[in-house]
Amino acid sequence: MKIIMLGAPGAGKGTHAKGIVDKYKIPTISTGDIFRQNIKEGTELGKKAKSYMDAGDLVPDELVCDLVVDRLQKDDCKNGYILDGFPRTIPQAEALTEALKKQGTAIDYALEIAMEDQAIVDRMAGRRVCAKCGATFHAVNIPPKVEGVCDNCGGELELRDDDKPETVKKRLNVYHEQTAPLIEYYKKQGIHHAVDGTLGVEGVAKAISEILG
Ligand code: AMP
């Protein structure tokens, strides 16, 4: 099963990708996580990506597409995968469609978690990420057992630089301009499904299960 998670930053793509991973045993490929890992390790890719990310802009397509296409060749992707945060532009979507076509495959589901901007701004202000393992929590919706501490690894929870309110607004504008057109793109392919992102973690998970079966 090959799935793309669509939706604005903060709509819950990462959270729900994790639920799908647990149920269907396929890996999640998060381009945002790959970039953050590269920044942490100080790689060339990380250095190039950081300035774009901190400004709330997208990293240029040429730094993203080959990286994802290469990653999809790995053994763990044999039975499928979830793409979280990719594609984010029409050229990225076209590059993905073409790369898969060459292998005789295609994406099965483009799952959109739909949410209004204001609800997202409110939600992102409460989001906290583990500095060590990348697990995501939320002050209200997914609170850690101990405030400020990761349930999984004991790492310190922090507000991501790009979750700061002014950057969130910028990222939402970028989403509407560059990423939202993907909804139409995947509707045309007949694989778009939308879920109401305000249903809460369990409600969204249930709606996704009903779509994926
Ligand atoms: P995310 O964790 O998916 O919200 O991604 C964080 C940031 O990484 C984004 O705001 C972009 O700057 C960058 N990024 C992640 N995925 C992509 C992508 N597919 N194309 C361009 N930039 C990306």
Side-chain angles (χ1 to χ4, degrees), residues 2-18 20-21 27-41 43-72 81-100 107 110-113 115 117 119-121 123-131 133-138 142 157-183 185-186 197:
K2 300 183 183 66
I3 302 169
I4 288 172
M5 303 299 287
L6 286 178
K13 298 188 296 294
T15 301
H16 292 290
K18 190 174 177 314
I20 302 171
V21 166
T28 302
I29 295 154
S30 156
T31 40
D33 282 353
I34 294 174
F35 288 135
R36 280 184 287 278
Q37 186 62 32
N38 275 274
I39 291 173
K40 228 171 165 181
E41 291 168 1
T43 67
E44 269 316 300
L45 177 66
K47 282 179 200 150
K48 283 184 190 155
K50 188 174 182 343
S51 56
Y52 297 99
M53 290 171 76
D54 285 350
D57 285 321
L58 293 185
V59 174
D61 290 339
E62 58 271 22
L63 290 183
V64 190
C65 292
D66 290 350
L67 180 111
V68 175
V69 171
D70 283 352
R71 177 67 187 84
L72 299 183
Y81 44 78
I82 306 164
L83 288 172
D84 168 15
F86 180 92
R88 252 192 169 90
T89 63
I90 292 284
Q92 289 181 17
E94 287 170 343
L96 178 66
T97 302
E98 279 310 305
L100 293 180
I107 296 294
L111 281 183
E112 180 197 354
I113 304 187
M115 257 180 96
D117 284 6
I120 286 179
V121 174
R123 181 187 279 185
M124 302 268 265
R127 183 154 88 161
R128 296 292 179 274
V129 180
C130 175
C133 77
T136 307
F137 297 85
H138 190 280
I142 320 169
L157 300 184
E158 55 186 26
L159 181 67
R160 258 167 51 178
D161 279 346
D162 56 358
D163 279 352
K164 292 180 179 145
E166 57 290 359
T167 316
V168 170
K169 284 188 189 130
K170 171 80 186 289
R171 291 170 73 203
L172 284 170
N173 288 341
V174 169
Y175 171 76
H176 288 296
E177 277 169 23
Q178 302 196 56
T179 309
L182 295 181
I183 293 171
Y185 179 87
Y186 287 112

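Note that ligands are numbered from 1 as they come in the structure, with each ligand's atoms numbered from 1 the same way.
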Exercise. Is Ile39 close to Met53 at the side-chain level, that is, under 4.5 Å between some pair of heavy atoms?
Worked result: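 They are in contact (side-chain heavy atoms under 4.5 Å apart), so the answer is yes.
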Problem set entry | Atom pair CD1 (Ile82) and NE2 (His16), whose distance is rounded to the nearest 0.5 Å |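 One gets 12.0 Å once the value is rounded to the nearest 0.5 Å.
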For this session: Mind checking the CD1-OH spacing from Ile4 to Tyr186? Nearest 0.5 Å is all I need.
Result: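 Here the rounded value is 3.5 Å.
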Exercise. Which heavy-atom pair separates Met124 from Leu159 by the least distance, and what is that distance?
Worked result: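 Here Met124 and Leu159 meet closest at O-CD1, 4.0 Å.
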Exercise. Are the side chain of Thr179 and the backbone of Arg88 linked by a donor-acceptor contact shorter than 3.5 Å?
Worked result: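 Present.
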For this session: Could you tell me whether a side-chain N or O of Lys13 sits under 3.5 Å from a main-chain N or O of Ala8, the two making a donor and an acceptor?
Result: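 Side chain of Lys13 to backbone of Ala8: a pair is present.
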Exercise. Contact residues of ligand 1 with a heavy-atom cut-off of under 4.0 Å?
Worked result: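 Lining ligand 1 at under 4.0 Å, by heavy atoms, one finds Thr31, Gly32, Phe35, Arg36, Met53, Asp57, Leu58, Val59, Val64, Gly85, Phe86, Arg88, Gln92, Arg160, Asp162, Arg171.
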